[in-house]
Amino acid sequence: MLNASLKELAARLSAGKLSSVDLTGEFLKRIKALNPRLNAFITVDEAASLAEARAADALRAAGRATPLTGIPIAWKDIFCTRGWLTTCGSKILSNFVSPYDAHVVERLKAAGTVSLGKTNMDEFAMGSSNETSFYGPVKNPWDERAVPGGSSGGSAAAVAARLAPAATGTDTGGSIRQPAALCGISGIKPTYGVVSRYGMIAFASSLDQGGPMAKSAEDLAWLLNAMAGFDQRDSTSLNREPEDDGRDLERPLTGLRIGLPREYFAEGLAADVAKAVDVAIAECRKLGATTVEVSLPKTRLSVPAYYVLAPAEASSNLARFDGVRYGYRAPRYSDLMDMYRKTRAEGFGAEVKRRILIGTYVLSHGYYDAYYLQAQKLRRLIADDFRKAFEACDVIMGPTSPTTAFNLGERTADPVQMYLSDIYTIAVNLAGLPGMSIPCGFGDKGRPVGLQIVGNYFAEAKMLNVAHRYQKATDWHLRLPPNI
Ligand code: GLN
């Protein structure tokens with residue numbers, strides 16, 4: 001049951017062997033038992049979840065079920081969910097009950113999924129370890145001394161510890177892929193514009209993209225099909241013909257060209273991660289793929305470019321949190337300006353303030369050309385790197401993260417060290433490409449290693465194909481943390 005795929009769960013639900021109420025109840029029980037240790041959920045509401053499960057069972061009884069009807073899903077707390085607390089991991093939204101559903105939530109609910117709760121995350125998705133959350137850090141189910149990665153660390157830990165069959169995440173610079181890697185699960189960040197950002201609390205709008213986190217590529221395909229789609233309320237949502245991202249899952253890998261970026265296997269990559277990734281690539285060769293070296297020479301510059309652009313956008317997006325209409329408001333103040341100041345000083349954590357300061361600085365008169373404009377030019381060059389690489393290969397493969405999960409507290413004192421956790425993921429967001437991570441073994445400390453697969457624009461079906469064939473030949477995605 002813990003390892004049942006969405007397809008298996010759907011089959012049992014549709015055969016009447018399982019009700020959504022029982023299935024949801026099972027996961028709520030696991031959350032009750034394990035969440036006090038892991039802190040993966042910020043909000044759980046058993047009565048609300050069971051009411052949704054009963055409604056799903058009723059839909060099925062009425063013959064109006066889709067395959068996902070009755071399947072429970074956890075929402076990253078960045079997604080607005082009607083009637084549920086939606087905090088974004090921040091004190092400033094610690095009292096915000098959303099009056100509406102995000103587009104992604106609407107779509108999955110329309111498919112009949114049941115809300116299991118809201119998962120913990122780095123404050124406003126700024127972080128790589130879940131340690132910036134106002135609600136405290138999440139523990140990695142594989143080793144509770146370790147971080148789960150971030151910012152979708154609660155979702156990753158929930159799926160890894162089987163507190164939920166699947167979850168949603170968002171990825172601005174790696175926040176789906178890096179926690180998926182550190183927790184030994186699968187996650188995909190779609191091509192920018194494929195999933196609507198409506199109701200997904202904005203961090204850096206030109207980079208943010210929602211996506212599913214689950215046990216396997218097959219599950220991801222099911223979820224992505226339900227999540228993706230045009231939405232006129234997001235001006236960057238793409239109006240494309242709907243496609244089935246699971247259509248190529250079973251296609252053999254014969255003839256597939258895998259590009260291995262020289263820069264992803266160089267200095268900075270931990271030996272244990274390199275070893276597991278090499279073995280995974282050898283496995284893909286056995287499955288019929290060929291490999292070719294490619295180069296992404298601007299990799300080194302992706303982190304500095306991102307840490308100009310993302311804070312610039314964040315400084316603008318976060319201006320709306322001012323204590324006026326919703327969210328936290330400082331209890332004592334003298335006038336309006338003082339209310340703004342105190343609300344933001346008390347409501348935001350240190351990392352969020354650092355980003356707002358950096359963002360405001362790089363957009364200031366006199367610095368705009370020196371920083372912001374330069375970073376925008378770099379962004380174009382980084383996208384060009386990928387364009388050239390994809391002339392020689394169909395997908396790019398490499399490590400998702402340079403190391404396995406690090407210990408809680410290990411990198412909090414040094415932001416630059418923390419930022420480098422995303423050295424292999426950030427360029428993908430800057431280019432707007434789809435990227436995913438799947439488990440491919442364990443490092444020296446017994447902590448999971450993630451294999452990153454990057455595709456060309458709209459190559460989600462191909463990436464899921466590669467991942468699925470790999471998962472059919474291996475069982476890393478079915479391994480369970482020892483103490484859960
Ligand atoms: N770790 C990166 C950051 O802190 C990326 C976070 C994300 O993808 N949301 O900005």
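One-based numbering, in listed order, for ligands and for the atoms of each. FYI, the numbering just counts along the sequence from 1.
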Check your understanding: Arg82: what forms a salt bridge (Lys or Arg N to Asp or Glu O under 4.0 Å) with it, not counting sequence neighbours?
Key ->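 Salt bridge (Lys or Arg N to Asp or Glu O under 4.0 Å) check on Arg82 returns nothing, list empty.
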Study note, to complete from the structure: For Lys342, the salt bridge (Lys or Arg N to Asp or Glu O under 4.0 Å) test, sequence neighbours excluded, returns Asp338
Review point. Is it true that Glu351 and Arg354 have a side-chain N and a carboxylate O under 4.0 angstrom from each other?
Key: yes
Exercise for review: For the pair Lys189 and Asp171, find out whether any cationic side-chain nitrogen is under 4.0 Å from an anionic carboxylate oxygen.
Suggested key: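 Answer for the salt bridge query: no.
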Practice item. Just jot down the ligand 1 atoms closer than 4.0 angstrom to any heavy atom of Tyr306, in number order. Key: 2 (C), 3 (C), 5 (C), 6 (C), 10 (O)
Practice item. Please identify which atoms of ligand 1 are closer than 4.0 Å to at least one heavy atom of Ser175. Key: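 The atoms of ligand 1 under 4.0 Å from a heavy atom of Ser175 are 5 (C), 6 (C), 7 (C), 8 (O), 9 (N).
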Answer with side chain, backbone, both or neither: which part of [X] has a heavy atom less than 4.0 angstrom from an atom of ligand 1?
X: Arg355; result: side chain
X: Ser151; result: side chain
X: Asp422; result: side chain
X: Phe203; result: side chain

Point to revise | Sub-4.0 Å heavy-atom contact, Tyr307 with ligand 1 | key: yes
Exercise for review: Step through it carefully: locate the ring centre of Tyr100, locate the ring centre of Tyr198, and say whether they are under 6.0 Å apart.
Suggested key: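 Aromatic pair counts; centres sit under 6.0 Å.
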**Study point:** Over all atoms of both residues, closest heavy-atom pair of Ala102 and Phe79
**Key:**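 Heavy atoms of Ala102 and Phe79 come nearest at CB-CD2, 4.0 Å.
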**Study point:** Separation between NE2 of His477 and OG1 of Thr474, rounded to the nearest 0.5 Å
**Key:**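 His477 atom NE2 to Thr474 atom OG1 measures 6.0 Å (nearest 0.5 Å).
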Review point. Can you find an N/O atom of Met126 closer than 3.5 Å to an N/O atom of ligand 1?
Key: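 No, since none of the N or O atoms of Met126 sits under 3.5 Å from an N or O of ligand 1.
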Check your understanding: Backbone or side chain, does any N or O of Ala125 fall under 3.5 Å from an N or O of ligand 1?
Key ->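 Yes; at least one N/O pair falls below 3.5 Å.
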